[in-house]
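Here the structure comes first, spelled out in structure tokens, and everything after it is commentary.
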Amino acid sequence: MTFFKKTFLSLIFTLLFLANFSVIYAQENEATDPVVYDKESFSRDIRQLKLQYRGELEEYRSLENLYLIAKSQYHKLGTLASLEDAVQKTQEVMILRDRVLRTYLRLLRLKLLSQPGIELPEKTAAEQSLLSAIKNVEQHQQEFSKSLDKVQINEISEGFEVLIDQVEEAAYQALTLMSIGELQTIHDKAIVLRADMEVEIASAGGALKSTERKRSFDETNRLLESLKSKFDLIEEKYANPSSSGYKGIHQAIQKQLNSIHSSLSQALTFLGELLKI
Amino acid sequence: MNQDIELNQTQFVAESPLMDNIDPEETLVDDLSVEEQKQLQQKKVKKIVIGSAVFLFILLIIFIVARSRSVREDEEIVENDEIKLTEIVVGPFNQRLLELENELEIADPNQEDLPFPPINSEITLDE
């Protein structure tokens, strides 16, 4: 029996070792780059939160309709039963409204963190605003932990008007930064692409072709360089939100962002033409 | 009377084992003690167990090697196809330009990916 035990144990250990070996082998074959892993992790979390957000928004829309109907019935009939129904529907829609806001802010935070092209101090400040807004929404949600009456609901409603201003400011701060960051990233990549193309293909195809290319490269370079001052202008507006707040800034810079977007589109067209010369 | 017939019954009885069709080894085995028989049996069983273990071990090695090879082959085939497509259809600069154009389309300021949620900020029971 001793011999059997030994043989059995050695067989088990061998199988365990081989199973572990195959797992290690599989792990070594996977991507080990932490940057790639972080991006994939963000993308996955963003996808999940987006689905959750859409679901909650749908549910909120349905409940809002029910709340409006119940409220209208209460004001028409004035009975205790209609008041009870209206109070219930109002509380339900308020709870879901807070949930929608919380999910939206969490989603915005992840998108902000995964967005390149933004200066780190600005990104950190915007993230802190979002975290503070999330915390305030969560505190607001605590007020619905018990059943409320008409008076309490109206008090909460007044308090929400203050909360929503803060939430909007945090959201538009992040949205503005992300809009700028997206275009900034494309601008930076376009400059690098232009430089790489110039190194590789500027002198190909003979003297006539290379002269034509040089003019084209210079024109593309001028266009891309001209965008730097436009980005600086937007950055300055963002750094000084003034009384209109970030919501105002976000609306105010739309024209400049459209102009930058249009110029970048033209620059990419130029680069496409350069590849065909 | 047949002269060849042996009439000595005592000798016949003594020689009767020689007349049976007996395997010499069985005779030996029969001669072994019970303990020795047990040991022999155990040795046989040991051989079977060791043989089975080695066979399973070899099967497992073959399975792991075959699996890792098939995964690598699949990856190589996919990579080769992608490389061929890239070389034939788009050069490296065209590819980068295409990616930038896609990113620019997504970054259109007129199309907000995540607009502020359309919520009612004046939910109340008052008219």
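Here is how names work: the chains are called A, B, and so on, in the same order as the sequence lines, proteins then strands, and each is numbered from 1.
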* Please look at Pro118(B) and chain A and tell me whether the side chain, the backbone, both or neither of the residue comes under 4.5 angstrom of a heavy atom of that chain. => both

* Asked: Do you know which of Lys71(A), Glu182(A), His261(A) has the most heavy-atom pairs under 4.5 Å to chain B?
  -> His261(A)

* Asked: How many angstroms lie between atom CG of Leu97(B) and atom CG of Leu275(A), to the nearest 0.5 angstrom?
  -> 6.0 Å

* **Shortest non-hydrogen contact between Glu122(B) and Tyr67(A), atoms and distance** => O-OH, 4.1 Å

* Asked: Side chain, backbone, both or neither: which part of Lys111(A) has a heavy atom under 4.5 Å from chain B?
  -> side chain

* Structure fact -> Between the CG atom in Leu114(B) and the CG atom in Leu175(A), the distance rounded to the nearest 0.5 Å is 7.0 Å

* Structure fact -> Okay, Ala171(A) and chain B: the region with an atom under 4.5 Å from a heavy atom over there is side chain

* Structure fact -> Nearest heavy-atom approach of Pro109(B) to Gln254(A) is O-NE2, 3.3 Å

* **Residue part contacting chain B, namely of Val192(A), when any heavy atom lies under 4.5 Å** => both

* Asked: Do the ring planes of Tyr172(A) and Phe116(B) sit parallel (below 30°), tilted (30 to 60°) or perpendicular (above 60°)?
  -> parallel

* To do: Would you confirm whether His75(A), through its side chain, and Leu125(B), through its main-chain N or O, come within 3.5 Å as a donor-acceptor pair?
  => yes

* Asked: Which bit of Asp108(B) comes within less than 4.5 Å of chain A, counting heavy atoms only: side chain, backbone, both or neither?
  -> both

* Residues from residues 154-161 of chain A approaching chain B under 4.5 Å (heavy atoms) -> Asn154(A), Ser157(A), Phe160(A), Glu161(A)

* Asked: What part of Ala70(A) lies closer than 4.5 angstrom to a heavy atom of chain B: side chain, backbone, both or neither?
  -> neither

* Asked: Yes or no on side chain to side chain contact (heavy atoms under 4.5 Å, CB included) for Asp113(B) and Met178(A), after CA distance, side-chain angles and deciding distance?
  -> CA-CA 10 Å; Asp113(B) 181 37; Met178(A) 289 193 297; over 6 Å; no

* Greater than 12 external heavy atoms within 6.0 Å of Glu105(B)'s CD -> no

* Taking all atoms of both residues into account, what is the closest heavy-atom pair of Ile123(B) and Met94(A), and its distance? -> O-CE, 3.3 Å

* Side chain / backbone / both / neither for Glu99(B) at chain A, heavy atoms under 4.5 Å -> neither

* **Heavy-atom proximity to chain B below 4.5 Å, by part of Lys247(A)** => neither

* Structure fact -> With sequence neighbours left out, the residues meeting ring-ring contact (aromatic ring centres under 6.0 Å, His included) with Tyr246(A) are Tyr238(A)

* Student check: side-chain heavy atoms of Glu112(B) and His250(A) closer than 4.5 Å -> yes

* To do: Verify, without hydrogens or angle tests, whether Lys150(A) (side chain) and Asp126(B) (backbone) share a donor-acceptor contact under 3.5 angstrom.
  => no

* Identify the heavy atoms of Tyr53(A) and Pro115(B) that sit nearest to each other, and give their distance. => OH-O, 4.1 Å

* Where is the tightest heavy-atom contact between Asn120(B) and Tyr60(A), given as atom of each residue plus distance? -> N-OH, 2.8 Å

* **Identified side chain to side chain contact (heavy atoms under 4.5 Å, CB included) partner of Glu103(B) from the options Leu268(A), Leu183(A), Ile186(A)** => Ile186(A)

* To do: Could you look at Leu271(A) and say if it's the side chain, the backbone, both or neither that has a heavy atom under 4.5 Å from chain B?
  => both

